[in-house]
Amino acid sequence: MTQQRGKDPWRGRPLWAEIDLDAIAHNVRELKKHAGARTALLAVVKANAYGHGAAMVARTAAEAGAQYLGVACADEGVQLRLAGVNLPILVMGYVAPWEAEKIVTHGLAATLNTRQLALAVAGLAVQQGLTVPVHIKVDTGMNRFGLSPREVAPFAEFVRTLPGLKVEGIYTHFAVADEADKTFTRHQFQKFLGVADSLPWISIRHVANSATILDMPEMCLEMVRPGISLYGVYPSGQVNRSIQLKPALSLRSRVARLHDLAAGESVSYGRTWVADKPSRVALVPCGYADGIHRCLSNKGVVLIHGQRAPVRGRICMDQFVVDVSHIPGVRANDEVVLIGRQHGGEITAEEVAELAGTISYEIFCGIPPRVPRVYTKDGYVLAVETLVEKIDYSTAT
Ligand SMILES: *Cc1c(COP(=O)(O)O)cnc(C)c1O
């Protein structure tokens with residue numbers, strides 16, 4: 001066992017993602033309040049809950065009032081069931097017809113997009129004496145997944161006739177809800193309502209991602225589907241910060257080696273950085289295989305003693321180097337913050353994303369299983385998950 005429950009510092013791999021479950025619970029409650037009492041909340045936990053750990057986030061969100069979970073593929077739903085999660089789970093992405101069995105056996109709700117899939121799920125449901133809830137997605141302008149508006153009513157009426165299925169929901173997804181100009185989003189919403197109004201027997205209509213909940217609460221309908229906001233991050237710089245979100249994830253490491261360079265010495269592959277004066281550098285034992293984007297070479301920044309230390313040279317697969325010449329008293333094993341706060345300093349996921357030329361979503365999803373997850377609640381470590389062990393102190397004796 002690498003860690004005792006409590007407030008002791010993490011003694012596993014000196015690179016870890018700390019997930020503040022209280023922040024996630026806070027975000028769920030705030031989003032629910034904002035969406036209104038009549039609106040259910042589907043917590044989007046696809047991609048391992050945006051890297052935050054699907055099962056722990058799902059449990060936390062459920063305790064804070066989430067009524068539904070959303071995943072991208074059937075396997076993610078199965079993974080949650082195997083972890084003992086009981087909430088309804090909607091698979092929001094494409095399910096191949098040969099995956100119907102996973103849907104039925106594990107009690108998932110599927111988004112149906114073909115008659116073939118509908119028949120496959122219905123057949124198995126009847127065999128097993130079950131009724132499987134299904135949703136229909138209307139493509140109102142993403143031109144990605146879903147059915148065209150004119151295909152929806154005939155398809156829904158067809159599915160309605162199949163025993164073993166219950167059309168529970170109808171939904172769409174917005175292309176530019178996180179931009180200041182809401183014209184296209186309103187257009188998509190009207191298109192959606194045009195279809196949904198013709199199918200009043202479908203009880204749950206849902207269209208709102210995080211940006212829509214924050215900026216257009218009038219579109220919350222019967223259910224909302226927040227993702228990024230659950231994790232305490234605003235979907236873009238253009239949305240209203242109408243509710244106070246708390247970032248849940250911080251990414252931390254420790255100084256592995258300190259050494260001094262003479263002017264003219266270079267760092268890392270390609271010798272892309274050369275010291276122009278005597279410099280003190282610190283090795284950080286993580287790299288692009290841990291989700292530290294290689295494009296942050298000579299660009300990224302970390303916190304040590306609350307101060308910013310710039311990346312020097314190329315980021316390697318498993319390690320990189322930062323300049324600490326200006327930070328007095330740095331020692332081996334001092335904490336390094338890649339995302340999060342330290343002694344009054346802060347590096348946000350948005351800042352890292354901006355530097356890497358991407359969005360916070362991709363930064364989070366890029367944190368692989370090699371990075372230990374340390375889950376905290378009330379300031380205590382509640383559970384840890386590493387490549388080699390999984391300990392839940394809330395159930396362990
Ligand atoms: C990912 C996803 C969401 C969540 O979007 P955020 O911008 O993270 O809130 C909602 N709905 C669908 C269909 C999605 O795929």
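Side chains included, hydrogens not; waters and symmetry mates left out as well; all remaining heavy atoms used. Ligands are counted one by one from 1 in listed order, and the atoms in each one are counted from 1 as well.
- Only one option out of Thr172, Leu147, Ile170 pairs with Val195 in a side-chain contact (heavy atoms from CB on, under 4.5 Å); it is Ile170.
- If you number the atoms of ligand 1 from 1 as listed, the ones under 4.0 Å from a heavy atom of Met92 come out as 12 (C), 13 (C), 14 (C), 15 (O).
- Annotation: cation-pi geometry satisfied between Arg160 and Trp201 (NZ/CZ under 6.0 angstrom from ring centroid, within 45° of ring axis).
- Cluster note: Phe184 groups with Val176 through ILVMFWY side-chain heavy atoms spaced under 4.5 Å, whether in direct contact or through intervening members.
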Listed pairs under 3.5 Å, donor-acceptor, residues 79-94 side chains, sequence neighbours left out:
{"unit_1": "Arg81", "atom_1": "NE", "unit_2": "His106", "atom_2": "O", "d": "2.7"}
{"unit_1": "Arg81", "atom_1": "NH1", "unit_2": "Val85", "atom_2": "O", "d": "2.7"}
{"unit_1": "Arg81", "atom_1": "NH1", "unit_2": "Leu87", "atom_2": "O", "d": "2.9"}
{"unit_1": "Arg81", "atom_1": "NH2", "unit_2": "Leu87", "atom_2": "O", "d": "3.0"}
{"unit_1": "Arg81", "atom_1": "NH2", "unit_2": "Gly107", "atom_2": "O", "d": "3.0"}

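- Where the criterion is an N or O separation shorter than 3.5 Å, residue side chain and backbone included, Val44 fails it with respect to ligand 1.
- Between the Glu76 side chain and the Ala47 main chain, a donor and an acceptor come within less than 3.5 Å of each other.
- A cation-pi geometry, defined here as NZ or CZ lying under 6.0 Å from the six-membered ring centre and within 45° of its normal, does not hold between Arg205 and Phe192.
- Where the criterion is an N or O separation shorter than 3.5 Å, residue side chain and backbone included, Lys137 fails it with respect to ligand 1.
- For the pair Arg314 and Phe320, the NZ or CZ position fails the cation-pi test of under 6.0 Å to the six-membered ring centre and within 45 degrees of the ring normal.
- Note: no N/O pair closer than 3.5 Å links Ala211 and ligand 1 by distance alone.
- For ligand 1, the atoms closer than 4.0 angstrom to any heavy atom of Ile228 are 6 (P), 8 (O), 9 (O).
- The protein heavy-atom contact nearest to atom 1 (C) of ligand 1 is Lys46 NZ, 1.4 Å.
- Closest protein heavy atom to atom 7 (O) of ligand 1: Tyr361 OH, 2.7 Å.
- Given atom 8 (O) of ligand 1, the protein heavy atom at minimum distance is Tyr50 OH, 2.6 Å.
- When only non-hydrogen protein atoms are considered, atom 10 (C) of ligand 1 lies nearest to Arg225 O, 3.4 Å.
- Looking only at protein heavy atoms, the nearest one to atom 9 (O) of ligand 1 is Ser210 OG, 2.5 Å.
- At a heavy-atom distance under 4.0 Å, only side-chain atoms of His173, from C-beta outward, approach ligand 1.
- Around CD of Gln244, the count of heavy atoms belonging to other residues, nucleotides or ligands within 6.0 Å does not exceed 12.
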